[in-house]
Amino acid sequence: MKRPNRFRYGAWQGGPDPLAPPYDVRAAVDQVGAEVLAGGSLREALRNLLRRGPDGGRGLDDLAARARRMRREAMRRGNLDGAVTRSQALLDQALAAEREELASRTDDAARFSEARLDSLPRSTARAVEELSDYQWASDDARRTYQQILDGLRDEVLEQRFAGMREALGNPDPAAQRRLAEMLGDLNDLLDRHARGEDTTDTFAEFMRRHGEFFPEKPGTVDELIDALARRAAAGERLMRSLSAQQQEELSRLMAQALGNAGLADQMARLTANLRTLRPDLGWDRRAQVRGQQGLGYGEAAGALAEIGDLDELLDQLGQEHPGATLDDIDVEAVERILGRGAAGDVRRLQELERELRRQGWLARGGEGLTLSPKALRRLGGTALRRVFASLETGRRGQHDLRDAGAAGEITGASRPWEFGDEQPIDVVRTVGNAVRRSTSARSSAVSLAVDDFEVVETERRASAAVALCVDLSYSMVAEERWGPMKQTALALSHLVATKFPQDALQIIGFGRYATRLTSEELAAVEPDYVQGTNLQHALQLAGRHLRKHSGSEPVVLVVTDGEPTAHLEDGEAVFFWPPLSETVQATVAEVDALTRYGATLNLFMLGEDAGLRRFVDAVARRSGGRVFTPDTDDLGSYVVNDYIRARRGRARR
C-alpha cells in the first residue's frame, strides 16, 4: 500500500521572505506621521518618505545624487568646439602639404595657386568653402581636405542615425542615394504623422525598406520619433552651447559637408519635423561643457544628449510638478542611465506608493497625494497615545453620565419595573418570570403579575459641543510650537471620535483670519507666515458651532502664544502691533457673548508674553474660566486632561 505524502511547514529560511512586500507599509505611514506630529508639512513628509526611502532604504535623493554626479562628469568631458578645431587642424595640414608641392614647381599656375592660398579668409568654414572648387596639386592635400567634409558629414549622420556606420563607409554612389531616399521617406512619414493621419501601414513599409538604418528596431512611429528627436535635440543644444562665432563656423562646415545629394535640406526638414512633434525636449538649452580634450561633433552631441537625459531624469526624480507620482518616472530610462540596481529601487518605491494607495493609506487630491482618513485615524491614535503616556497614572474611567432612560443606549441588563418607569419592557424576561412563577404554582395557565415585569436598562450619555481654537500665527512656528499644537488637536479629535462620539468637536485655526479645520486639513495645514492673531474671529466661529448644538454642554478651549493683534471690521482683518483698543474690545465682546451663552472658556497660554498674561487673566476672570501655562511638550496632556475633567464634572452634575 502506497504511503500518503507527508509535508512539513515552517518559517522561510532561505533569506528574505520572497513573498514579503518591499517595505513595511504601516511603518511608512508612521514615519510620515512622526514628521507631521513634529510640526512638519504633510506634503513634505510624504515627499521625504520617497526621497529618503523608508526603513533606511535608498530613496529618490540617493538616485538624484548619482544622476547629478554623472552630470558633473559629463560637463567636464571636453570642449564642444572640437569639430571646428579638428577641421582647422586638417585644413592647416592640407594647406601645408599643398604649399610644399607648389614650392617644388616653377610654372605660373603654381604661383597663382600660392597667391590664392595666401588670400584665403581666416575663418576655417569660409576657407573650406572657397576651396570647394580648388584644383589640388598634392594628392595628400586633396585627401586631407576631403576628410574635413567627409568626416564631419559622417559624424553628423552617425549622431542622428545610430545605424549609419556601414552606409557611411560605403563610397558607392548608390548607397549615398539610398541614404537620401531614406531621409526623404522619413520626412514624408513624419509629415503625415504630424497631420494626424493613420501611419501604421506607412511605418511598416518604411521599416521594411529602411530598417537597417535603425538598429533600435522601433515598434511604432512614436518610438521612432522619440529616438530621433532625442539625438536631434542634442545636436541643436550643441549649436546653442557654442559661441556665436563657433556656431557660424560649424554651421557653414556642416552645410558644406551635407551639401551633396541634398542632404542638408533633408536634415533641416527632419530637424523641423522632430521639433514640431517633440517640442518638450529642451531644444534651446545651453550647456557649459569644459575639459582639456576637444570633442568631435558626435562626441560633443553625445555628451549633451547624456546631459539632457540626466536633466530629464532629475526632473522626474525631483517630483516637483503638481500631482507628481512615482509612476511619472521612466524606469527604463533609470535602468539605461543609472543601472539595474537603481531601476530596482524605483520599482520598490513605486510598489510602496501603489500599496499605500491600494490599502487606503493615501488618497489623491487636487494637489497630489495626501493621507487618507484611515491614515489620519492612525495618526490621531499615535498622537493620543503620546498624550496619555505623559498623563499621570491612575484611574481614568469612562467619565459618562449614566442614567436609565428610554432615550438612551441599551446596556443588555434589565431590572424590575417600578412605578413611573418609562423604559421599554423586557418582554423575554417578563414572560420568563411569569412562566417560572406559574410552574412553581403548578398552574396550567400563564398569567402576568405586576412583579413579573422587567424593563430594559439603558444609559444616557452626556454630550458636549467643544470648540478647540488653535493659534496658527507666525510666532507658533518661530517658537517651535507648531508640532505640539498639531499633536494636541489631532489627539483630542481622535479621542472624541473614538471614545465620545456623541460630542461635537470643531477645530478652529486662527492667524490673521480664523477658519474651521477638519482633521485632514489640520494635518496638512502649513504656516502662511503672515503676522496677526485674530482671536475675535476664532471665538465668533466657536460661538456659531456651539449654537448649532444647543442641547450639548458648550466648551471652548483656546491655545495661543500671543495677545490679540487683529479683529474683523466689515469682514476684513485689521492688524496692528501693539494691539489696538478696538481689537481688544472686539475680542472681549465675543468672550462676553460666549459667557452669556453658558460656555466654559479655558485658555492655554504658551510662552511668557507679559501682554498675553494680562489679557488671558482678564478673560478668565470675566468668563469664569481657567488659565493654564503648560510647557510646550505638556500641551497635549493639559488639553486632553482638561477635556476629560470637564466631562467628569458634567457626569457628576
Side-chain angles (χ1 to χ4, degrees), residues 15-16 18 21-23 28 31 44 46-78 80 159 162 215-219 222-223 225-235 237-238 241 278 280-283 285-291 293 295 298-321 323-356 368-369:
Y23 297 109
Q31 183 175 331
E44 285 298 318
L46 286 170
R47 291 178 63 189
N48 289 339
L49 172 69
L50 302 175
R51 281 175 173 171
R52 301 168 186 165
D55 301 330
R58 286 191 297 270
L60 298 181
D61 281 354
D62 296 311
L63 302 179
R66 288 179 55 191
R68 281 191 289 270
R69 285 197 299 270
M70 293 179 65
R71 190 182 189 281
R72 286 194 296 270
E73 292 171 2
M75 296 286 283
R76 294 193 293 263
R77 192 164 296 170
L80 295 179
Q159 187 270 328
E216 307 98 327
K217 302 299 180 186
D222 283 315
E223 291 181 10
I225 293 170
D226 287 338
L228 294 174
R230 300 185 79 83
R231 300 193 194 106
R237 286 197 293 271
L238 170 57
S241 301
R278 294 293 185 272
D280 57 336
L281 291 181
W283 296 80
R285 288 181 184 172
R286 299 169 58 91
Q288 299 298 320
V289 180
R290 294 288 182 265
Q293 178 184 357
L295 301 178
E299 294 172 320
L304 291 176
E306 182 179 343
I307 292 170
D309 289 344
L310 287 166
D311 285 341
E312 185 174 342
L313 181 59
L314 285 168
D315 288 341
Q316 295 176 11
L317 295 174
Q319 297 280 284
E320 297 291 344
H321 56 281
T325 70
L326 292 183
D327 290 334
D328 299 332
I329 298 176
D330 186 346
V331 181
E332 293 182 358
V334 174
E335 184 168 354
R336 184 178 69 251
I337 298 171
L338 301 181
R340 294 180 60 185
D345 292 334
V346 172
R347 289 190 181 97
R348 283 190 290 274
L349 289 171
Q350 287 177 332
E351 179 61 26
L352 171 64
E353 185 181 82
R354 283 192 289 268
E355 196 64 18
L356 285 167
L369 293 175

Student: Less than 4.0 angstrom from a charged side-chain N to a carboxylate O is my criterion; do Arg278 and Asp222 meet it?
Tutor: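 So Arg278 pairs with Asp222 through a salt bridge.
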Student: Determine, stepwise, if the pair Leu313 / Leu338 fulfils side-chain contact (heavy atoms from CB on, under 4.5 Å).
Tutor: CA-CA 10 Å; Leu313 181 59; Leu338 301 181; 3.9 Å; yes
Student: Do you know which two heavy atoms are closest between Ala342 and Leu63, and how far apart they sit?
Tutor: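 Taking every non-hydrogen atom into account, CB-CD2, 3.7 Å.
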Student: Specify the closest pair of heavy atoms between Gln316 and Asp330, including all atoms of both residues, with the distance to one decimal.
Tutor: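 Nearest pair, atom of Gln316 first, then Asp330: OE1-N, 2.8 Å.
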Student: Compare every heavy atom of Ala67 with every heavy atom of Leu310, then report the nearest pair and how far apart it is.
Tutor: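 That closest heavy-atom pairing would be CD2-O, 3.8 Å.
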Student: Could you grab the distance from atom CD of Glu312 to atom CG of Asp280, nearest 0.5 Å is fine?
Tutor: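 So the gap between those two atoms works out to 7.5 Å.
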Student: Counting only N and O atoms by type, is there a donor-acceptor contact under 3.5 Å from the side chain of Glu223 to the main-chain atoms of Gly219?
Tutor: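 Yes; at least one donor-acceptor contact below 3.5 Å.
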Student: With rounding to the nearest 0.5 angstrom, report the CD to CZ distance, Glu73 to Arg69.
Tutor: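 Going from the CD atom of Glu73 to the CZ atom of Arg69 covers 8.0 Å.
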Student: Could you give the distance from CZ (Arg348) to CG (Asp345), rounded to the nearest 0.5 Å?
Tutor: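 Answer rounded to 0.5 Å: 4.5 Å.
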Student: Are Ile329 and Leu60 close enough that some pair of their side-chain heavy atoms sits under 4.5 Å apart?
Tutor: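 Of all side-chain heavy-atom pairs linking Leu60 with Ile329, at least one is under 4.5 Å.
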Student: Locate the shortest heavy-atom distance separating Ala343 from Glu335; write the atom from each residue and the value.
Tutor: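 Looking at all heavy atoms of both residues, the closest pair is CB-CB, 3.7 Å.
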Student: Among all residues two or more places apart in sequence or in another chain, which pass the side-chain contact (heavy atoms from CB on, under 4.5 Å) test with Arg68?
Tutor: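 Result, side-chain contact (heavy atoms from CB on, under 4.5 Å) vs Arg68: Ala64, Ala65, Arg72, Leu314.
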